[in-house]
Amino acid sequence: MTKILVTGGTGYIGSHTVVELHNAGYEVVIIDNLSNSNIKILTQLHAITGKWFDFHEIDLQDEKAVREFAENHTDIEGIIHFAASKAVGESVEQPLKYYKNNFYGLINLLTSFNRKINFVFSSSCTVYGQPETLPVTEAAPVQKAESPYGNTKQIAEEILAETAAVTPDLKVIALRYFNPVGAHETALIGELPNGVPANLVPFITQSAIGKRGPITVYGDDYDTPDGSAIRDYIHVVDLAKAHVAAIKKLEDGNPNGNYDVFNIGTGKGSSVLEIIAAFEKVNGEKLDYKIGPRRAGDIVQIYGDVQKSNKELGWKANLDINEMMSSAWEWEKYIKANPF
C-alpha cells in the first residue's frame with residue numbers, strides 16, 4: 001500500500017483529502033502543528049473511515065524535527081503539502097509570519113525528503129490576480145500579488161519549479177484551486193475558521209445559525225450581472241479528489257515533465273448574491289444581509305478554465321452549488337450541537 005504524507009492533514013482541505021486518499025486505497029500519515037486546526041478531527045476521521053491515522057504534531061518550521069521525521073519514514077512515496085498560513089488580511093498585517101511559515105515549511109520538506117518523491121502542492125488562483133480574459137487558463141500570466149499570502153503561493157511555485165528542474169527524483173504538481181466550500185456528506189468534518197470568518201460561506205452559515213450578525217455584501221456595483229463579485233466555488237470533496245488524481249498522475253508518469261500546474265474549479269462563476277440565494281433556497285433559511293462598500297484588493301470576477309485537469313488528470317467537479325450550501329449548513333448545525 002502506497003504511503004502518502006499529508007501536511008496540514010487535520011485542516012479543512014487536508015482532512016477531506018485524507019478521507020479520499022483512504023477511500024482510494026492509500027496509507028496516510030498526517031503532520032499538523034494544530035495552529036489552525038483541532039486534534040478532535042482525528043476522532044472525526046476515525047468515525048468516517050474506521051481508521052486511526054498515524055499523526056505527528058510537528059511544526060514544519062522546525063528543521064530538525066522534519067529531518068528526523070523523514071529519516072524515520074523512508075517508505076513515504078508522496079507528499080501532499082497543505083500546511084501554510086492562509087488568511088489574506090492577516091498576511092497584510094503580519095507579512096513576516098507568512099514568509100517565514102510558508103517558505104521554511106516548504107524548504108524543510110524538500111531538503112529533508114531529498115529522495116524519489118511525488119509532491120502535490122496546494123496553490124491558489126490568487127496567482128492570477130484579476131485576469132485579462134475569462135475563464136482563466138493555466139497559461140495566463142501570473143500577476144503581481146495583491147497580498148503577502150498570494151506572494152508566498154507565487155514564490156513557492158517558483159521554488160518547486162526550479163528545484164524540480166534540477167532534481168530528477170522530484171515530481172511536482174501544483175494545484176491552483178479556486179474557492180473551496182461545503183463539507184463532507186456525513187457532516188463530521190468541514191471548515192472550522194478561527195475567529196470571524198474571512199470567507200463568504202462560513203460567514204453565511206454562522207450568520208444563519210445566530211453566531212454572527214448580518215452578512216455584508218462588499219459591493220453591488222461591479223460590472224457583473226447582479227453587481228456583486230463573482231468567484232468559482234468548488235465543493236471541498238471534489239477538491240480533495242483532485243489531489244488523489246494528482247498523486248496518481250505523478251505515479252503514472254506525467255508526460256509534461258517534472259513540474260506541472262492545474263486549475264481546480266468548476267469552470268463557472270457564481271456571484272455573492274447568487275450564493276446567498278442558493279443557501280436560502282436549498283436550506284429554507286432566510287439570511288440577513290446588507291450591501292457594503294467594496295473591499296480593497298478584491299477583484300471583480302474570476303473563474304477557471306478546467307479543461308486541462310478534466311483531460312489530463314481525468315478529474316472533474318461533480319457537486320453543485322446546492323450541494324455545497326446544504327453540506328455547509330449541515331456541518332454548521334453539527335458543530336453547534338457538538339462544539340469543538
Side-chain angles (χ1 to χ4, degrees), residues 1-60 65-66 68-84 105 109 112-113 117-122 173 175 177 180 182-192 235-252 264 313-315 318-319 323 327-328 330-331 333-335 337-340:
M1 187 182 290
T2 305
K3 187 175 285 189
I4 305 294
L5 169 64
V6 179
T7 72
T10 56
Y12 176 40
I13 305 169
S15 60
H16 287 82
T17 301
V18 168
V19 171
E20 297 306 324
L21 284 166
H22 172 80
N23 291 346
Y26 290 94
E27 184 177 352
V28 182
V29 182
I30 298 171
I31 281 181
D32 206 303
N33 68 357
L34 302 175
S35 63
N36 195 35
S37 61
N38 194 304
I39 192 67
K40 292 180 182 176
I41 292 298
L42 294 174
T43 303
Q44 304 298 98
L45 291 172
H46 176 261
I48 293 169
T49 65
K51 181 174 177 61
W52 289 106
F53 292 96
D54 184 10
F55 172 79
H56 299 261
E57 186 176 347
I58 295 173
D59 188 328
L60 293 181
V66 178
E68 289 177 351
F69 174 87
E71 289 170 353
N72 292 327
H73 293 81
T74 55
D75 55 346
I76 286 174
E77 296 181 38
I79 298 172
I80 301 180
H81 180 43
F82 294 107
L109 278 175
S112 298
F113 286 89
I117 204 85
N118 294 322
F119 197 103
V120 177
F121 177 64
S122 164
I173 285 178
L175 299 182
Y177 31 86
H184 194 262
E185 62 184 4
T186 60
L188 292 173
I189 53 173
E191 190 167 7
L192 263 181
H235 199 294
V236 67
V237 172
D238 280 332
L239 178 55
K241 290 177 178 177
H243 293 80
V244 179
I247 280 288
K248 288 181 176 176
K249 179 74 170 176
L250 291 172
E251 290 173 344
D252 293 342
I264 304 296
L313 292 182
W315 168 92
N318 292 311
L319 301 169
E323 288 160 311
S327 63
E330 290 304 313
W331 164 245
K333 291 188 290 185
Y334 175 84
I335 55 177
N338 305 272
F340 274 68

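All values below come from the heavy atoms of this structure, side chains included, with hydrogens, waters and symmetry mates left out. From a predicted model like this one, the values you see are computed outputs, not experimental measurements.
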How long is the gap from CD on Glu330 to NZ on Lys333, to the nearest 0.5 Å? 3.5 Å
CH2-CG distance between Trp52 and Leu42, expressed to the nearest 0.5 angstrom: 7.0 Å
Quick one: list whatever passes ring pair (Phe, Tyr, Trp, His ring centres under 6.0 Å) with Phe121, sequence neighbours left out. none
Here the gap from Phe119 atom CZ to Ile117 atom CD1, rounded to the nearest 0.5 Å, amounts to 9.0 Å
Show the numbers, then the answer: is there a side-chain contact (heavy atoms from CB on, under 4.5 Å) between Val66 and Ile58? CA-CA 7 Å; Val66 178; Ile58 295 173; 4.3 Å; yes
Student check: side-chain heavy atoms of Val19 and Ile189 closer than 4.5 Å: yes
Under 3.5 Å, is there a donor-acceptor pair between the side chain of Glu77 and the main chain of Thr2? no
Gap between atom CG of Asp252 and atom CG of Asn118 - 0.5 Å precision: 10.0 Å
Check salt bridge (charged side-chain N to carboxylate O under 4.0 Å, His left out) between Glu27 and all other residues, then give those that pass, not counting sequence neighbours. Lys3
Listed partners of Lys40 passing side-chain hydrogen bond (donor to acceptor under 3.5 Å, both in side chains), at least two apart: none
With side chains defined as the heavy atoms from C-beta onward, is the minimum distance between Ile30 and Asp54 less than 4.5 Å? no
Looking at residues at least two apart in the chain, or sitting in another chain, which of them share a side-chain hydrogen bond (donor to acceptor under 3.5 Å, both in side chains) with Glu20? none
Determine yes or no for a side-chain-to-main-chain donor-acceptor pair under 3.5 angstrom, with Thr7 supplying the side chain and Ala83 the backbone. yes
Might you work through the side-chain contact (heavy atoms from CB on, under 4.5 Å) test for Ile247 and Ile4, ending with a clear yes or no? CA-CA 9 Å; Ile247 280 288; Ile4 305 294; 4.1 Å; yes
Tell me whether the centres of the aromatic rings in His46 and Phe53 are closer together than 6.0 Å. no
Side-chain contact, heavy-atom cut-off 4.5 Å: Ile41 with Phe340? yes
Taking the side chain as everything from C-beta on, heavy atoms only, tell me whether Asn318 gets closer than 4.5 Å to Val237. no
Look up atom CG in Leu313 and atom CD1 in Ile173, then write down how far apart they are to the nearest 0.5 Å. 5.5 Å
Just jot down the side-chain hydrogen bond (donor to acceptor under 3.5 Å, both in side chains) partners of Thr49, sequence neighbours excluded, or say none. none
According to ring pair (Phe, Tyr, Trp, His ring centres under 6.0 Å), who are the partners of His16, at least two apart in sequence or on a separate chain? Tyr12
Tell me if a side-chain donor or acceptor on Asp238 pairs with a main-chain N or O of Leu319 at a distance below 3.5 Å. yes
Does the side chain of Gln44 reach to within under 4.5 Å of the side chain of Ser15, using non-hydrogen atoms? no
With sequence neighbours excluded, residues passing ring pair (Phe, Tyr, Trp, His ring centres under 6.0 Å) with His73: His56, Phe69
Can you name the side-chain contact (heavy atoms from CB on, under 4.5 Å) partners of Ala24, sequence neighbours left out? Tyr26, Val244, Lys248
All salt bridge (charged side-chain N to carboxylate O under 4.0 Å, His left out) counterparts of Lys51, not counting sequence neighbours: none
Apply the test side-chain contact (heavy atoms from CB on, under 4.5 Å) to residues Val29 and Val6: give CA-CA distance (whole Å), side-chain angles for both, the deciding distance (0.1 Å), then the verdict. CA-CA 6 Å; Val29 182; Val6 179; over 6 Å; no
Side-chain heavy atoms of Val120 within contact of Ile79, under 4.5 Å: no
By ring pair (Phe, Tyr, Trp, His ring centres under 6.0 Å) - contacts of Phe82 (at least two apart): His243
Check side-chain contact (heavy atoms from CB on, under 4.5 Å) between Leu34 and all other residues, then give those that pass, not counting sequence neighbours. Thr10, Asp32, Ser37, Ile39, Phe55, Glu57
Can you name the nearest heavy-atom pair linking Ser327 to Ala183, along with the distance? OG-N, 3.1 Å
Any donor-acceptor pair under 3.5 Å linking the side-chain atoms of His81 with those of Ser122? no
Are any side-chain N or O atoms of Trp331 and backbone N or O atoms of Glu191, one a donor and one an acceptor, separated by less than 3.5 Å? yes
Can you tell me how far apart OG (Ser112) and CD (Glu71) are? Round to the nearest 0.5 Å. 8.0 Å
Going by side-chain hydrogen bond (donor to acceptor under 3.5 Å, both in side chains), name the residues that satisfy it together with Thr43, two or more places apart in sequence or in a different chain. none
